[in-house]
S.K.: 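Mind looking over this structure? Questions follow.
The structure displayed is predicted, hence computed values, not measured ones.
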Amino acid sequence: MMSSRKVAVVGTGYVGLVTGACLAGWGNSVTCIDLNELRIKRLQRGDVPIYEPGLEELVRENTAAGRLHFSTVLAAGIAGADCIFLAVGTPPRASDGHADLSFLFAAATDIANSLAHGSPAVIVIKSTVPVGTGDRVEQMIESLRPGLHVRVVSNPEFLREGSAVADFEGPDRIIIGGNEVNAVSQIRRLYAKAEKSGAAVIVTSRASAEMIKYASNAFLATKIAFINEIADLCELTDADIGDVSLGMGSDRRIGMQFLNPGPGYGGSCFPKDTLALAKSAQDHGCRLGIVNETIASNEARKSRMAAKVVAALGGSVAGKRIAVFGLAFKANTDDVRDSPAIPLIRTLQELGAGISACDPKAVHQARLVLD
């Protein structure tokens, strides 16, 4: 039977909360830490502030069992921890599109100032970060606390919103990137249940693990942009995009996933990660032409959606009432970040249309960004 470990998770967004709840479900003692007092109070009551299938039940079950705790006090939350997961946001910087690492570095600074000398804790970067970030975190902590030896491991997440709990508990693969064998082994033991169930554990250097996350998301985004462009060509040639997708996807080298045409990709990962990867490559003097074209193609796709609606309604939507089904960027989530529905609705409103919008989960979040 897997031995219980004490785990701290800094950040209670999609990644942090799912990570903490699932690790607690595997029998570990987990403390999730966040500076947002209101959010923590809600979680302590069993009120999960985001919609994710199965997550609310998992949080309540493990909180009641005494395995899952929530706190705003970082020092107390990480005291005696075997592993400290960093799961804070890394949104694109408004100024240049680079990943904003300020939240991550702030959390690392707080950890450095709170860790006791001789602490065995491994710091695990779960956030999506550019290559070299783990090195910077390690150097930062050691400069703030000379003599405090820290071990930093990269363990990128591959959670799909709408199936994040299932993805964590039964992943395709687990990536662990680290430069110290003992630290990597400690994190691997934490995932023993998933590995026993058949998940592949891939151990790499820290830099490779950081790159795997960005490369994976960029490839999937490229696949979506590609099939959307093929869909445009199908419309002009009387080919059926459904048949084309089926024919392509039946090739095992290609696969069926991410070959459904639509209004463009969105969400909390693909838009920011493709942009961050392109910017990181630019900093290293390397142009990622395919990734850059994927970004441009996806933005153009969103504009074309509004044009399609206008054309379908005879060239003008002024005074027309249009129903929009779906506000989140995908099904089974309330996340509207970079959802293609949002710019579509705004454009149609600007052209004089009235909108009636419906979504089973995301209406509340959409009200925050739409008039």
S.K.: So, Asn28 side chain and Leu23 main chain: donor-acceptor pair closer than 3.5 Å or not?
M.R.: yes

S.K.: Within the side chain of Asn155, is there an N or O that forms a donor-acceptor pair under 3.5 Å with the backbone of Ile175?
M.R.: yes

S.K.: When you check the gap from the basic side-chain N to the acidic O, do Arg304 and Asp232 get nearer than 4.0 Å?
M.R.: yes

S.K.: Could you tell me if the side chain of Thr90 sits less than 4.5 Å from the side chain of Asp100, heavy atoms only?
M.R.: no

S.K.: State plainly whether the residues Asp47 and Arg42 are in salt-bridge range, i.e. N to O under 4.0 Å.
M.R.: yes

S.K.: Would you indicate whether Met211, at its atom CE, is surrounded by more than 12 heavy atoms from other residues, nucleotides or ligands within a distance under 6.0 Å?
M.R.: no

S.K.: Can you name the nearest heavy-atom pair linking Lys213 to Asp273, along with the distance?
M.R.: CE-OD2, 4.0 Å

S.K.: So that I can tick it off, tell me whether Arg151 and Glu138 are bridged by a salt bridge, with the cut-off set at under 4.0 angstrom between side-chain N and carboxylate O.
M.R.: no

S.K.: In terms of the angle between their ring planes, are Trp26 and Tyr191 parallel, tilted or perpendicular, with boundaries placed at 30° and 60°?
M.R.: perpendicular

S.K.: Ignoring hydrogens and angles, tell me if any N or O in the side chain of Asp167 forms a donor-acceptor pair with the backbone of Arg160 under 3.5 Å.
M.R.: yes

S.K.: Does a sphere of radius 6.0 Å around NZ in Lys41 hold more than 12 heavy atoms from other residues, nucleotides or ligands, not counting ones at 6.0 Å or beyond?
M.R.: no

S.K.: Roughly how far, to the nearest 0.5 Å, is CG of Asp240 from OG of Ser245?
M.R.: 8.5 Å

S.K.: Measure from the side-chain N and O atoms of Glu52 to the backbone N and O of Tyr14, and report whether any donor-acceptor pair falls under 3.5 Å.
M.R.: no

S.K.: What about Val88 and Val152, same hydrophobic cluster or not, with Ile/Leu/Val/Met/Phe/Trp/Tyr joined at side-chain heavy-atom distances under 4.5 Å?
M.R.: yes

S.K.: Less than 4.0 angstrom from a charged side-chain N to a carboxylate O is my criterion; do Glu229 and Arg301 meet it?
M.R.: no

S.K.: Applying the 4.5 Å side-chain criterion to the ILVMFWY set and letting contacts propagate, would Met140 and Leu148 be lumped into a single cluster?
M.R.: yes

S.K.: Please walk me through it: do Asn36 and Ile40 pass side-chain contact (heavy atoms from CB on, under 4.5 Å)?
M.R.: CA-CA 6 Å; Asn36 188 322; Ile40 291 298; 5.8 Å; no

S.K.: Atom CG of Leu275 and atom CD1 of Ile295: how far apart are they, to the nearest 0.5 Å?
M.R.: 5.0 Å

S.K.: Would one find more than 12 heavy atoms of other residues, nucleotides or ligands at under 6.0 Å from atom NE2 of His117?
M.R.: yes

S.K.: Any chance you could lay out the salt bridge (charged side-chain N to carboxylate O under 4.0 Å, His left out) test for Lys279 and Asp96, step after step, and finish with the verdict?
M.R.: CA-CA 8 Å; Lys279 293 292 185 181; Asp96 56 13; over 6 Å; no

S.K.: For Arg145, look at atom CZ and say whether over 12 heavy atoms of other residues, nucleotides or ligands are found less than 6.0 Å away.
M.R.: yes

S.K.: Might you point out which heavy atoms bring Gly16 and Val9 nearest each other, and give the distance in Å?
M.R.: O-CG1, 3.5 Å

S.K.: Is Glu299 salt-bridged to Lys302, going by a charged N under 4.0 Å from an acidic O?
M.R.: yes

S.K.: Can you list, pair by pair, the side-chain donor-acceptor contacts under 3.5 Å of residues 309-332, counting residues two or more places apart and other chains?
M.R.:
{"residue": "Ser316", "atom": "OG", "partner": "Ala318", "partner atom": "N", "Å": "3.3"}
{"residue": "Lys320", "atom": "NZ", "partner": "Leu313", "partner atom": "O", "Å": "3.4"}
{"residue": "Lys320", "atom": "NZ", "partner": "Ser316", "partner atom": "O", "Å": "3.4"}
{"residue": "Arg321", "atom": "NE", "partner": "Ser356", "partner atom": "OG", "Å": "3.2"}
{"residue": "Arg321", "atom": "NH2", "partner": "Ser356", "partner atom": "OG", "Å": "3.2"}
{"residue": "Lys330", "atom": "NZ", "partner": "Glu161", "partner atom": "O", "Å": "2.7"}

S.K.: Not counting sequence neighbours, which residues clear side-chain contact (heavy atoms from CB on, under 4.5 Å) with Ala199? List them please.
M.R.: Pro171, Ile174, Ala194

S.K.: Please say yes or no: joined through hydrophobic side-chain contacts below 4.5 Å, possibly via intermediate residues, are Phe85 and Val59 part of one cluster?
M.R.: yes

S.K.: Determine, step by step, whether Val7 and Ser29 satisfy the side-chain contact (heavy atoms from CB on, under 4.5 Å) criterion, reporting the C-alpha distance in whole Å, the side-chain angles of both residues, the deciding distance to 0.1 Å, and the verdict.
M.R.: CA-CA 6 Å; Val7 178; Ser29 176; over 6 Å; no

S.K.: Taking the side chain as every heavy atom from C-beta outward, state whether Tyr265 and Thr274 have any atom pair closer than 4.5 Å.
M.R.: yes

S.K.: For Glu293, is there any backbone N or O sitting under 3.5 Å from a side-chain donor or acceptor partner on Ser297?
M.R.: no

S.K.: Under a 4.5 Å cut-off applied to non-hydrogen side-chain atoms, are Thr19 and Glu157 in contact?
M.R.: no

S.K.: Heavy atoms, side chains only, cut-off 4.5 Å: are Leu220 and Thr222 in contact?
M.R.: no

S.K.: Can you find a pair of side-chain heavy atoms, one from Asp283 and one from His98, that are under 4.5 Å apart?
M.R.: yes

S.K.: Closer than 3.5 angstrom, by distance alone: can the side chain of Ser127 be matched with the main-chain N or O of Leu86 as a donor-acceptor pair?
M.R.: yes

S.K.: Ignoring hydrogens and angles, tell me if any N or O in the side chain of Gln44 forms a donor-acceptor pair with the backbone of Phe70 under 3.5 Å.
M.R.: yes

S.K.: So, are Arg346 and Glu350 salt-bridged, with charged N and O less than 4.0 Å apart?
M.R.: no

S.K.: Can you give me the closest heavy-atom contact between Ile187 and Cys83, atom names plus distance?
M.R.: CD1-SG, 3.8 Å

S.K.: When you measure from the side chain of Lys6 to the backbone N and O of Ala79, does any donor-acceptor pair fall under 3.5 Å?
M.R.: yes

S.K.: Mark yes when over 12 heavy atoms from residues, nucleotides or ligands other than Phe226 sit less than 6.0 Å from its CZ; otherwise mark no.
M.R.: no

S.K.: Begin with the C-alpha distance, continue with both residues' side-chain angles, and end with the deciding distance and a verdict on side-chain contact (heavy atoms from CB on, under 4.5 Å) for Arg60 and Glu56.
M.R.: CA-CA 6 Å; Arg60 290 182 175 178; Glu56 185 171 305; 3.1 Å; yes

S.K.: Apply side-chain contact (heavy atoms from CB on, under 4.5 Å) to Val137 and Arg206, showing your working.
M.R.: CA-CA 12 Å; Val137 168; Arg206 200 158 53 201; over 6 Å; no

S.K.: Taking side chain as C-beta onward, heavy atoms only, is Gln365 less than 4.5 Å from Asp335?
M.R.: no

S.K.: Can you tell me if Glu180 uses its side chain to pair, donor with acceptor, with the backbone of Asn182 under 3.5 Å?
M.R.: no

S.K.: Hey, what do you get for OG1 (Thr128) to CG (Leu277), rounding to the nearest 0.5 Å?
M.R.: 11.5 Å

S.K.: Would Ile224 end up clustered with Leu259 when hydrophobic side chains under 4.5 Å apart are linked, directly or stepwise?
M.R.: no

S.K.: State, yes or no, whether a side-chain contact exists between Phe158 and Ile212 at a heavy-atom distance under 4.5 Å.
M.R.: yes

S.K.: Just verifying a value: how many Å separate Leu17 CG and Leu43 CG, rounded to the nearest 0.5 Å?
M.R.: 5.5 Å

S.K.: Please report the shortest heavy-atom distance between Asn228 and Gly262, naming the atom on each side.
M.R.: OD1-N, 2.8 Å

S.K.: Regarding Lys361 and the six-membered ring of Tyr51, is the cationic atom NZ or CZ under 6.0 Å from the ring centre and inside 45° of its axis?
M.R.: yes

S.K.: Hey, are the side chains of Asn260 and Ile227 touching, using non-hydrogen atoms and a 4.5 Å cut-off?
M.R.: no

S.K.: With rounding to the nearest 0.5 Å, note down the distance linking CD1 in Ile355 to CG in Leu370.
M.R.: 9.0 Å

S.K.: Looking only at heavy atoms, which two atoms of Thr133 and Pro130 are closest? And how far apart?
M.R.: OG1-O, 2.7 Å

S.K.: Using a 3.5 Å distance criterion without hydrogens, assess whether the side chain of Asp82 forms a donor-acceptor pair with backbone atoms of Arg5.
M.R.: no

S.K.: Any idea which heavy atoms bring Ala164 and Leu159 closest together, and the distance?
M.R.: O-CD2, 3.6 Å

S.K.: Under a 4.5 Å side-chain heavy-atom rule over Ile, Leu, Val, Met, Phe, Trp and Tyr, are Val18 and Val10 clustered together?
M.R.: no

S.K.: Rounded to the nearest 0.5 Å, how far does CG of Leu74 lie from CG of Asp110?
M.R.: 5.5 Å

